[in-house]
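One structure is given here, and the rest of the page talks about it.
The basis for the numbers below is simple: all heavy atoms, side chains too, and nothing from hydrogens, waters or symmetry mates.
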Amino acid sequence: MRSTRIAISAAMLGALALPVLSATTASATPASSCSSQPPLPYEVHTKAVTIRSKATTKSTALGVLYKNHKFTVHRKSGNWLYITDKTTGVKGWVSGTYVYRDVRMCLD
């Protein structure tokens with residue numbers, strides 16, 4: 001019974017390690033430098049975030065960005081980002097609490 005458990009455990013560990021080992025050895029093409037690539041876009045990571053006329057929650061709402069929506073950030077003020085919605089062209093402020101920028105790993 002004990003030897004059966006050991007054999008099953010070894011098989012499971014081997015199955016888990018195989019994709020990791022093949023993934024690390026599979027990349028034969030060198031990665032380009034991160035400084036030569038454009039920055040990645042920002043994205044909404046909550047159900048929705050309101051675009052506002054000023055960097056305050058009390059200001060007028062101009063529009064809404066929904067989850068996974070991508071947009072351009074022009075500048076920051078504290079925790080607020082001045083953005084342009086690429087789909088509608090609306091410009092305004094969104095809270096940085098509800099959005100994030102995609103990240104890229106560079107192995108230079």
*Evaluate the ring planes of His74 and Tyr82, with Trp represented by its six-membered ring, and classify them as parallel (under 30°), tilted (30 to 60°) or perpendicular (over 60°).*
tilted
*Between Val99 and Val73, is a side chain to side chain contact (heavy atoms under 4.5 Å, CB included) present by the stated rule, with each step listed?*
CA-CA 11 Å; Val99 299; Val73 174; over 6 Å; no
*With distance as the sole test, does Ser95 use its side chain to make a donor-acceptor pair with the main-chain N or O of Thr97 at under 3.5 Å?*
yes
*Just wondering, do Lys70 and Glu43 contact through their side chains at under 4.5 Å, heavy atoms?*
yes
*Could you grab the distance from atom NE2 of His45 to atom OH of Tyr98, nearest 0.5 Å is fine?*
9.0 Å
*State, with a plain yes or no, whether a side-chain heavy atom of Trp80 is found less than 4.5 Å away from one of Thr57.*
yes
*If you measure from OH on Tyr42 to CG on Leu81, what distance do you get to the nearest 0.5 Å?*
5.5 Å
*Give a yes or no on whether Val49 and Val64 share a hydrophobic cluster (residues Ile, Leu, Val, Met, Phe, Trp, Tyr; joining criterion: side-chain heavy atoms under 4.5 Å apart).*
no
*Of all heavy-atom pairs between Asp85 and His69, which one has the smallest distance, and what is that distance?*
OD1-NE2, 2.6 Å
*Heavy-atom distance under 4.5 Å between the side chains of Ile51 and Phe71, does that happen here?*
no
*asked:* To check you understand the geometry: which heavy-atom pair defines the closest contact between Lys86 and Thr72, and what is its length?
replied: CE-OG1, 2.9 Å
*asked:* Measuring from atom CH2 of Trp93 to atom NZ of Lys54, what distance do you get when rounded to the nearest 0.5 angstrom?
replied: 12.0 Å
*Considering all heavy atoms, the nearest Lys67-Thr46 contact*: CB-O, 3.2 Å
